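Please read the structure below before turning to the comments.
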Amino acid sequence: MNLEPVRRQNVSDGVFQQLLTNILEGETTTLPSERELAATLSVNRHAVREALKRLEQIGLVRIVHGGATEVLDLRTHAGLDVLAYLAASPPRRYGPNLARSVLEFRRSAGTDAARLAALRATPETVADLERAAARYHREATRPEQLTVDREFWSLIIDASDNLAYRLAFNTLMNAFDHLPDMLALLLAPELDDPASHDALVRAIADGDADGAAAHAHHLLSASSAVADQWLATLGGTGTDAQN
């Protein structure tokens with residue numbers, strides 16, 4: 001393992017980050033004992049214990065008292081909240097495949113959220129969506145467009161009145177925050193298609209669930225297609241979590 005003494009104000013954060021990096025890089029299947037980690041990192045055992053507990057809470061390790069701490073397969077044990085950590089990890093390991101996975105999930109959830117929004121949106125929400133969609137026509141820079149896009153889909157998720165989608169959306173946004181340049185590239189076809197956003201809002205306003213789902217799927221498929229093309233240029237060899 002590649003570990004260095006931690007010299008930070010929040011010692012537990014420093015321990016957590018180093019252990020997390022080693023785990024996500026796939027460099028270890030077990031962690032040293034608390035005593036060994038404390039000595040290697042030049043920290044107290046309380047800081048190590050706190051960091052290990054955080055890793056356990058997000059499903060990356062299993063703490064065995066009196067034994068070695070086991071590193072778990074994130075595909076089997078981790079939840080969506082690990083996405084943000086993966087997005088912040090070295091792109092050589094997770095970049096293309098992670099981007100494609102996130103965008104495919106976004107398409108699936110967004111399509112159904114739009115269908116539900118057509119059934120459940122209030123007149124006030126529809127008016128907010130109309131205002132948000134209008135901004136696609138006039139926002140010039142990519143950062144501005146990305147801000148509009150987040151607001152637009154946040155409104156659709158809220159209109160779906162589905163808490164699971166809301167929490168998943170928050171997680172995706174946390175992951176996207178680590179990939180601003182990649183996001184601007186992948187979402188370009190969507191951001192440059194204001195007419196499709198207008199059509200989606202009209203379907204929601206009309207209560208046309210099937211039409212809303214179709215328009216959302218069309219929009220969200222554009223970015224997934226870019227991710228597919230990107231991965232194809234790499235020969236389909238981009239690595240993914242715990243391959």
Side-chain angles (χ1 to χ4, degrees), residues 8-10 12-25 51 54-55 57-60 74-75 78-111 113-114 128-129 132-133 135-136 139-160 162-192 197 216 219-228 230-231 238-242:
R8 302 173 66 173
Q9 186 174 6
N10 191 329
S12 179
D13 283 348
V15 175
F16 172 80
Q17 191 58 56
Q18 287 203 56
L19 295 178
L20 175 70
T21 298
N22 278 274
I23 290 170
L24 295 184
E25 282 289 277
R54 288 174 63 188
L55 291 170
Q57 288 170 345
I58 61 176
L60 293 180
L74 66 85
R75 288 181 178 273
L80 270 179
D81 49 351
V82 174
L83 273 179
Y85 296 118
L86 292 175
S89 69
R92 63 185 175 83
R93 182 167 179 81
Y94 298 105
N97 272 353
L98 178 65
R100 181 178 67 179
S101 296
V102 170
L103 291 172
E104 287 173 346
F105 181 83
R106 174 176 174 264
R107 176 177 60 191
S108 178
T111 296
D128 289 340
L129 277 168
R135 292 180 59 192
Y136 283 99
E139 301 296 346
T141 69
R142 277 288 183 254
E144 290 171 335
Q145 290 175 325
L146 288 170
T147 298
V148 171
D149 197 64
R150 179 174 296 206
E151 176 188 343
F152 180 83
W153 286 103
S154 181
L155 287 167
I156 288 180
I157 293 295
D158 282 344
S160 75
N162 184 299
L163 179 60
Y165 284 156
R166 178 74 250 181
L167 298 179
F169 179 82
N170 295 342
T171 300
L172 294 184
M173 292 303 100
N174 289 337
F176 284 156
D177 283 341
H178 294 283
L179 306 166
D181 295 334
M182 185 186 299
L183 190 62
L185 171 67
L186 294 173
L187 296 191
E190 291 181 37
L191 300 176
D192 294 334
H197 290 86
L219 263 174
L220 298 172
S221 292
S223 54
S224 293
V226 174
D228 285 338
W230 179 25
L231 197 58
T239 56
D240 200 355
Q242 301 279 328

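None of these values were measured; they are calculated from a predicted model.
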Query - Distance in Å, Asn10 CG paired with Phe16 CZ, rounded so as to fall on 0.5 Å steps - result: 11.5 Å

Report summary line: By ring pair (Phe, Tyr, Trp, His ring centres under 6.0 Å), Tyr165 pairs with (sequence neighbours left out) none

Report task. State the CD1-CG distance between Ile58 and Leu74, to the nearest 0.5 angstrom. Result -> 9.5 Å

Report task. Mind listing the closest non-hydrogen atom pair of Pro189 and Val226 along with its distance? Result -> CG-CG2, 3.6 Å

Query raised in the report: Closest approach of Trp153 and Leu220, non-hydrogen atoms and distance?
Result: CZ2-CD2, 3.6 Å

Requested in this report: Would you indicate whether the side-chain heavy atoms of Gln17 and Leu20 approach each other to under 4.5 Å?
Outcome: yes

Requested in this report: Could you tell me the separation between the CG atom of Asp192 and the CD atom of Gln145, rounded to the nearest 0.5 Å?
Outcome: 5.5 Å

Report task. Rounded to the nearest 0.5 Å, what's the gap from CG on Leu185 to CG on Asp181? Could you check? Result -> 9.5 Å

Query raised in the report: What residues, two or more places apart in sequence or in another chain, satisfy salt bridge (charged side-chain N to carboxylate O under 4.0 Å, His left out) together with Glu104?
Result: none

Query raised in the report: Which atom names give the shortest non-hydrogen contact between Thr111 and Ala216, and what distance separates them?
Result: CA-CB, 3.9 Å

Query raised in the report: What pair of heavy atoms forms the shortest contact from Ala78 to Val82, and how long is it?
Result: CB-CG2, 3.6 Å

Report task. Provide the closest heavy-atom pair for Ala132 versus Val148 in the form atom of the first, atom of the second, distance. Result -> O-CG1, 3.6 Å

Query raised in the report: Under a 4.5 Å cut-off applied to non-hydrogen side-chain atoms, are Leu83 and Asn174 in contact?
Result: no

Query - Residues which pass side chain to side chain donor-acceptor pair (under 3.5 Å) with Asn170, listed by chain and number, not counting sequence neighbours - result: Arg166

**Report entry** From Asp13 atom CG to Gln18 atom CD, the distance as rounded to the nearest 0.5 Å
**Finding:** 12.0 Å

Report summary line: Here the gap from Asn162 atom CG to Phe169 atom CZ, rounded to the nearest 0.5 Å, amounts to 13.5 Å

Query raised in the report: Of the options Leu146, Asp149, Leu103, which is the one that meets Phe176 in a side-chain contact (heavy atoms from CB on, under 4.5 Å)?
Result: Leu103

Query raised in the report: Is any side-chain heavy atom of Phe105 less than 4.5 Å from a side-chain heavy atom of Leu80?
Result: yes

Query - Under 3.5 Å: donor-acceptor pair, side chain of Ser160, backbone of Ile157 - result: yes

Query - Residues forming a ring pair (Phe, Tyr, Trp, His ring centres under 6.0 Å) with Phe152, sequence neighbours excluded - result: Tyr136, His197

Report task. Check the pair Gln57, Arg54 against side-chain hydrogen bond (donor to acceptor under 3.5 Å, both in side chains), reporting the backbone distance first and the verdict last. Result -> CA-CA 5 Å; Gln57 288 170 345; Arg54 288 174 63 188; over 6 Å; no

Query - Heavy-atom pair of closest approach, residues Ser221 and Arg107 - result: OG-CD, 3.2 Å

**Report entry** side chain to side chain donor-acceptor pair (under 3.5 Å) partners of Asp177, counting only residues at least two apart
**Finding:** Arg150

Query raised in the report: How would you list, by chain and number, every residue that makes a side chain to side chain donor-acceptor pair (under 3.5 Å) with Ser223, sequence neighbours excluded?
Result: Arg106, Glu190

